[in-house]
Amino acid sequence: MKLLRGVYEGPQSYGILRVAASIRGVHALLRALPGEAYFRTLHGARERSGEMAPVTLSPLREGRDSSMAPGNLVRDLSGVVRRHPKTEIVILVRSEASLLAGETIPATTLPEVEGTGRPPELVKFPWEEPAMRETEAAELALEDLIRARMHDRPERSPYPTVNLFGPPIFGPGAMAEYAEAERLLDMVGVEVNARVPLGANTGDLGRLPRAWVNVLLYREVGESATLYLQDEFGMPRVTTPMIGAAGTGAALRAVGELCQLDPKSVQRTIWAELARTAKLPWYARLEPPETFQNRRVAIFGDFTYPLGLGYALAREVGLEVTACGTYLTHLERDFLFHAHTFTEGAFVEDDPDEVAARIEAAKPDLVVGTHLEQGVADSLGVPFLPLCPPVADRPFVGRPLMGYAGSSVLADALDNALRRASVEPAGEAGMQWTDGALQEAAEVPLFLRGRARRLAEERARRQGSGMVTRDIFLESRS
Amino acid sequence: MTILNESGIPDVLPPLHAVNGLAERLPDVLVVVVGTQAEAHLVQCLSAVPSPNLPPSRRDQRVIFAIIDPNDPPQQGLLASRIVESAAGLRGTSLVLLVAGRTAESLGVDAEFEARLVARKLDLPSEVVNPDAPREVPGILSTDLEDRVLTVLVNLCPKRKTSDLVETASPAKRGGLFGGLLGRGIEPSDSNDGRPVVLLGGTLKPGAAQGLAAELSRAGVEVAGAVPGSGMGELPPLGEGTVVAVMDPNLTSAATAAERRGATVVKTLMPVGVDGTARFVQDVAEEAGTRISEVARARSAWEDLGVLRNRIRGKRIFFTGDTGLEIPLARFLADAGAVVLEVGAPRLDRRFLAAELQALGPDVDVVVSPDYRGQTNRIDESRPDIVISSPGLHLPLVARGHLCRSPRDFLEAGLYGYGGARRILELLVRTMDRAETLDSLNL
């Protein structure tokens, strides 16, 4: 049991629904209490496209089932087929309450769709369990959906093509990430066979083996699906995060090699892009070294983003990464292995308060994180860049962080954050605290402590006291 | 009026979403949501007052999630001691609420026991709120958690003793939320006979109760306070001899709790709209021992609304149903001349809402547990002028070209009393005006 003030990930059902809602032609039947069905509302509010999420609730009811009201699983499944005749895959997702209630799922087949004479595919996830989290479930669900569509072995395409495995729906600028990767691959002469999961349809899933290579933009969700395709069809993978100019270049060269492209022509494209689009190396060269010298940055997020950003900020920009963490506890070993290449401060933690404490201990001048890190950045009074999912903003125009265009977005963000930070006067150090005041401060929740401390010192200064006493501290908090 | 039951899946925002809003509204309460990752994620994703444009969820330090690992359920008492540790850092806590529903139960957490333990260790009241507890009438409303929390607060109100009766009746001793306000009002004609009134509701709009209290004190009724009022410290005495005036139609269990304590719950219209407010003031005053007539007041209020009514007359309005506030709103708008096409009621307690249902015009259809897909089709067919929609349907309906407002917008604007009646109509007129301006643009 844990007492937390926030969570980074949703439950497993949420992860599966994110993948399902990313792929056209998939409809999810969510078995849940009526009070657990928030995906549709959230989908509307986050996507703001006006489309209804392809999710139907099958309410978990108490007592005997005698009425014709929704709640009977078999009937609800056929209802989905009847109401959504264009659906090709129906998936059954169970909420935590449903899993904990220990319901048995009846073996059932779907009725035929009128007109076509064949039923849609029914995909169930026997591995669902209430302790599982969003990302892990999304990863497994994507693999299962792909497996379900592998009826035959499609021919490899005659010219080099790749599949992009990127973030699912609700990722910050998820669509823009795919678009940027596709633009760059197109430029080196490789066609994109499918974008998975966001933007794919059920037909694309069956045609994945046409491609020569799988490019993993977002390992968190694509990992096990691409491993399956590697084992089954011998498709190689490119796993370098396409973040920063160096990462993007490495990924493009790897694709070029696997697709037997002329390395010189790939390199020429990369150079052209470095001259035209990629502004991060240009920014790093333009700024005087003092801008970055002894500047510490703390990064926290999922897997791809903190690693990619950490590498770019440490190597390409020259900031000191004093903390870099992930909340994906199931990827702990991988994460630490990669993060150790650019920082001493790698950690894995899923309690926002502990994360705040780690970040505070790293004494950063810049915090890059999820929307939950806003508080600690504010309390430390340092600039904050919400670049890692989950983030709260939902722009109408998504901007990529990956690829060369993404590196320019990153350069702009850094430029703004670091310039603003250098204008602010450095906080006066050396204010004394009495023991009583320190004791009181220790009781403040971690993510608010920095701010409380700053307010107390300000108040002491205003009162002309060189010392923060218990009374001053309490006054500043009231 | 016709009532149909569609037995569908209504589009209702999960009641748990209200945790953030309640924590903000009751600043001395620590809320602990007990469950799995799912509950925590839901509460975090759906913020205080969800409009179609959900603002980023703020983290409130008075909301804590107790996430239980299903593979390793905690020993009895561990939850309580962890809560006690967390509460230590928070100043001014006067109540600990454990929100523990069906998941907590299936995980084997005895929330009642933990709450008692917390209460003993912290020497503070600590109560369990079960959002999934069965109700007499099936169905959920997005405001269910508010109802449950108000039930807890009602039970925490001091019970009035006979010796206090004289004290609190004298204006000098009356402090609290309405003290100043009442001092200026007309004194009750006979303060020994008059029974004090407690207002119940107005949870999400701070100050909603004040307006009604002013209205009642103008009529010569003593208002002792409101639940939730402005916090634990100012809960009014509530027990035998108290008259409870319910402001919201969705507070069924809170009203029942008040009745169980021996208070008289006034069965009348909700104070929404002109006639609703008039009946409310009149009936509450009568129950409190003052006979007044609001007819003249209501007539002048209707006259004042003349221009706005002309704008609303004949407009066709559809309520999909979410908060439970739709029924009094529909009643008022039908009285004001609008054509109400359908009122969705995810849950309808006919006994509790008897007065409201009786007052609904003859042409209004109430659909119990409506199906959201059926509603969408009916909306497409009938093309209403305005849809008062639940959050889940809002964007899809706007995308289909309908003009939508959330029932919460009315709550935000303040819909109670005579002033509220004006604000309701103004809000609708403003919505239509803006749509017209946008429609006239040549894009």
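Everything quoted here is computed from the prediction, not taken from an experiment. Reminder, nothing fancy here: chain letters follow the sequence lines and each chain counts from 1.
Counting only heavy atoms from C-beta outward, the side chains of A:Pro11 and B:His41 approach each other to under 4.5 Å. Side-chain atoms of B:Val96 and B:Leu98, non-hydrogen and from C-beta on, do get closer than 4.5 Å to each other. With contacts defined as side-chain heavy-atom distances shorter than 4.5 Å, the pair B:Arg135/B:Asp147 qualifies.
In this structure, the portions of B:Thr103 lying under 4.5 Å from any heavy atom of chain A include both its backbone and its side chain. Using a 4.5 Å cut-off between heavy atoms, A:Glu47 makes no contact with chain B at all. Within the 4.5 angstrom heavy-atom criterion, only side-chain atoms of B:Ser106, from C-beta onward, approach chain A. For B:Arg373, the part sitting under 4.5 Å from any heavy atom of chain A is the side chain, from C-beta outward, and nothing else. Interface residue B:Leu393: only side-chain heavy atoms are found under 4.5 Å from chain A. Residue A:Gln12 does not touch chain B at all, counting heavy-atom pairs closer than 4.5 Å. Both the backbone and the side chain of A:Ala131 have a heavy atom closer than 4.5 Å to some heavy atom of chain B. Looking at B:Asp11, the atoms closer than 4.5 Å to chain A (heavy atoms on both sides) sit in the backbone and in the side chain alike. For a residue to count as touching a neighbouring chain, one of its non-hydrogen atoms must lie under 4.5 Å from one of that chain's; by this rule A:Tyr14 touches chain B with the side chain only. Residue B:Leu16: no heavy atom, backbone or side chain, is found under 4.5 Å from chain A. Residue A:Leu99: no heavy atom, backbone or side chain, is found under 4.5 Å from chain B.
Between A:Glu36 and A:Ser95, the side chains place a donor N or O and an acceptor N or O closer than 3.5 Å (distance only, hydrogens not considered). Using modelled atom types and a 3.5 Å distance limit, the side chains of A:Arg5 and B:Ser86 yield no donor-acceptor pair. With hydrogens and angles left out, the side-chain atoms of B:Ser390 and B:Asp322 include no donor and acceptor closer than 3.5 Å. At a cut-off of 3.5 Å, with distance as the only test, no side-chain donor of B:His17 or B:Ser142 sits close to an acceptor on the other residue.
The residue among A:Arg83, A:Glu440, A:Glu96 with the most heavy atom pairs within less than 4.5 Å of chain B is A:Arg83. Listed options B:Ile67, B:Leu397, B:Leu107, B:Asn71 were ranked by heavy-atom pairs under 4.5 angstrom with chain A; first place goes to B:Ile67. Each of B:Ala399, B:Pro346, B:Pro131, B:Pro396 has some count of heavy-atom pairs under 4.5 Å with chain A, and the biggest count is that of B:Pro396.
In this structure, A:Tyr327 and A:Tyr8 have parallel ring planes: the angle between them is below the 30° cut-off, well short of the 60° mark.
Rounding to the nearest 0.5 Å places CZ of A:Arg40 at 12.0 Å from CG of B:Leu395.
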